[in-house]
Amino acid sequence: MIEETARKHAALYGFEEIETPMFESTAIFKRGLGETSDIVSKEMYVFNDKGGDELVLRPEGTAGVARAFISEGLAQLTPLKLFYRGPMFRYERPQKGRYRQFYQIGVELLGVEKPQADLECLSLGYQILKNLPFADGMASSITLHLNTIGDLESRAAFREKLVAYLTTRKSELSADSLARLERNPLRILDSKDEGDKRVIAEAPTLTAYLNDTSKKFFDDVVGGLEILGLPYKIDPLLVRGLDYYCHTVFEFTTTALGAQNAICAGGRYDNLISDLGGPKTPGVGWASGVDRLALMMAEISDQTPTVAVVPMGDEAEGPAMKLCQELRSAGLRVDMAYGGNMGKRMKRADKVGASHAIILGSNELSRGVAQVKTLATGTQAELPLGSIASTLAKELGR
Ligand code: HAM
């Protein structure tokens with residue numbers, strides 16, 4: 001249902017569905033996401049196939065879409081708007097909202113360098129979230145966090161200043177952040193460690209090092225959100241954990257799921273396709289965790305009425321099966337009681353929430369009838385076998 005809603009609204013925005021393989025060459029993720037990213041350094045399910053190639057169960061969708069874009073020669077088709085869905089795999093510590101096999105819906109808009117592309121993706125994210133049947137209070141628990149990490153030039157200038165500053169406070173950093181200091185210092189900015197947070201609070205900010213191009217790009221994204229009336233919160237410490245991003249980065253978070261609070265996240269990646277050996281092609285997109293969205297949704301009860309068919313004795317099995325077929329064809333959900341005594345079978349009818357139980361014994365069979373019991377009242381009526389499906393379908397509004 002989440003996927004259907006997403007697919008429908010993605011189509012309204014002109015996104016077409018793409019399906020990429022569930023496993024890919026490891027090199028794509030190493031080059032695309034960066035060797036120092038958590039995903040590549042700790043979380044990939046890697047294996048060798050019989051030919052000796054190193055493959056990985058895909059941990060995310062963007063690098064695979066970029067690979068398909070290059071190998072299928074899709075560059076002539078840009079701008080390309082792609083929607084995908086499917087399982088992703090990460091070796092993470094499982095907990096509520098974080099699984100080793102989880103499901104994403106995602107979109108990638110390729111070939112547009114203007115901020116309008118970022119806005120279209122953000123607007124689509126909002127539209128999908130708005131149309132999901134969240135439980136009470138869940139929709140208002142969602143906030144869009146937005147930041148820019150600028151272009152390569154801005155990031156290089158900032159990185160230098162940040163490393164210089166953090167080096168002076170090295171002794172206060174957590175072990176994780178120390179390990180990142182040389183390899184991926186920007187990631188230290190979104191550390192959750194309290195000691196790190198104190199150091200970060202006084203760190204230089206990326207905003208101060210943005211060049212004019214990067215500043216204008218971000219201003220245009222923010223201006224567009226204002227025009228569209230989409231709320232956002234600028235979060236200067238949001239950096240995201242994948243190396244392919246530049247300029248816009250964002251996360252829709254919820255306060256309803258504890259630590260696993262990101263429900264949809266993404267950003268711009270203008271260098272990913274060229275880094276993977278393709279033509280220079282800008283891109284922007286997001287992916288959303290279906291499992292997390294599902295945790296926030298109201299239980300939707302299926303209203304299809306259920307009927308239990310209870311054959312008594314071997315000779316009743318065949319006619320009971322035929323009756324099941326007729327009832328299902330009439331639009332009713334049918335549960336067939338396979339074994340046990342009458343009491344056990346009636347208990348099962350209750351358990352599956354059946355409104356009626358149809359009892360078929362040898363006595364009834366010889367007369368071409370069955371007992372139809374209304375479980376709520378306990379009343380029972382004898383009906384000709386041939387009319388049961390149509391009578392019940394009418395009574396149950398099918
Ligand atoms: P990501 O932030 O790694 O980004 O994942 C996107 C979303 O997938 C998260 O916000 C979360 O909802 C869900 N998710 C991630 N890991 C898990 C897990 N272990 N269990 C359950 N849900 C999870 C990406 O994957 C990028 N490819 C997004 C993107 C697309 N950027 C540009 N285009």
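Order of listing sets the numbers, starting from 1, for every ligand and every atom in it.
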Quick check: Gly266 and ligand 1, any N/O pair under 3.5 Å apart? no
For Ala262, atoms of ligand 1 separated by under 4.0 Å from a heavy atom: 9 (C), 10 (O), 11 (C), 12 (O)
Residue, atom and distance of the protein heavy atom nearest atom 7 (C) of ligand 1 read Ala287 O, 3.6 Å
Out of Lys30, Arg58, Arg67, which one pairs with Glu24 under the salt bridge (Lys or Arg N to Asp or Glu O under 4.0 Å) rule? Arg67
Can you confirm whether Tyr232 sits close enough to Glu226 that some side-chain heavy atom of one is under 4.5 Å from a side-chain heavy atom of the other? yes
Tell me which protein heavy atom sits closest to atom 20 (N) of ligand 1, plus the residue, atom name and distance to 0.1 Å. Tyr99 N, 3.0 Å
To which protein heavy atom is atom 32 (C) of ligand 1 closest, and what is the distance rounded to 0.1 Å? Gly285 O, 3.2 Å
Side chain, backbone, both or neither: which applies to Gln104 and ligand 1 if a contact is any heavy-atom pair less than 4.0 Å apart? side chain
Salt-bridge test for Arg180 and Asp176: reply yes if a basic N is under 4.0 Å from a carboxylate O, no otherwise. no
Under 4.0 Å from ligand 1, counting heavy atoms only, is it the side chain of Phe250, its backbone, both or neither? neither
Is the Tyr209 ring parallel, tilted or perpendicular to the Phe158 ring (thresholds 30°, 60°)? tilted
Salt bridge (charged side-chain N to carboxylate O under 4.0 Å, His left out) with Asp196: which residues, sequence neighbours excluded? none
Value rounded to 0.5 Å, distance of OG1 in Thr36 from NZ in Lys42: 11.0 Å
Interatomic distance, CZ@Arg398 vs CZ@Arg333, rounded to 0.5 Å, equals 9.5 Å
More than 12 heavy atoms of other groups within 6.0 Å of Asn341 CG: yes
Check this for me - ligand 1, Tyr245, N or O atoms closer than 3.5 angstrom, yes or no? yes
the protein heavy atom lying closest to atom 4 (O) of ligand 1 turns out to be Arg240 NH2, 3.0 Å
Please report which non-hydrogen protein atom sits nearest to atom 13 (C) of ligand 1, along with the residue it belongs to and the distance in Å to one decimal place. Gly289 CA, 3.6 Å
Under 3.5 Å: N/O of Arg90 near N/O of ligand 1: yes
Report the member of Phe252, Trp286, Tyr244 with the shortest heavy-atom distance to atom 26 (C) of ligand 1. Tyr244
Closer than 4.0 Å to some heavy atom of Gly97 - which atoms of ligand 1 meet that? 20 (N), 21 (C), 22 (N)
Taking heavy atoms and a distance under 4.0 Å, where does Phe102 meet ligand 1: side chain, backbone, both or neither? side chain
How close does the nearest protein non-hydrogen atom get to atom 30 (C) of ligand 1, and which residue and atom is it? Thr62 OG1, 3.0 Å
For atom CD of Glu113, decide whether the heavy atoms of other residues, nucleotides or ligands shown that lie under 6.0 angstrom number more than 12. no
Can you tell me which residue and heavy atom of the protein come closest to atom 28 (C) of ligand 1, and the distance to 0.1 Å? Ala265 O, 3.3 Å
Any N or O of Ser288 closer than 3.5 Å to N or O of ligand 1: no
Looking at Glu108, Gln260, Glu92, Glu43, the heavy atom closest to atom 33 (N) of ligand 1 belongs to Glu108
How long is the span from the CE atom in Met44 to the CD1 atom in Ile39, to the nearest 0.5 Å? 9.0 Å
I want to know whether Phe83 and Phe15 have ring centres closer than 6.0 Å. no
Ligand 1 versus Arg98, non-hydrogen atoms closer than 4.0 Å: side chain, backbone, both, neither? both
Ligand 1 atoms nearer than 4.0 angstrom to some heavy atom of Glu60 are 25 (O), 26 (C), 27 (N)
Option among Leu257, Thr254, Leu132 that satisfies the side chain to side chain contact (heavy atoms under 4.5 Å, CB included) test with Leu293: Leu132
Enumerate the atoms of ligand 1 whose separation from the nearest heavy atom of Cys264 is less than 4.0 angstrom. 10 (O)
Heavy-atom pairs closer than 4.0 Å: do any link ligand 1 to the side chain of Met88, the backbone, both, or neither? neither
Run the side chain to side chain donor-acceptor pair (under 3.5 Å) test against His356 and tell me which residues pass, sequence neighbours left out. Glu395
Location of contacts on Arg100 toward ligand 1, heavy atoms closer than 4.0 Å: neither
Candidates Arg198, Lys192, Lys197 - the one meeting salt bridge (Lys or Arg N to Asp or Glu O under 4.0 Å) with Glu194: Lys197
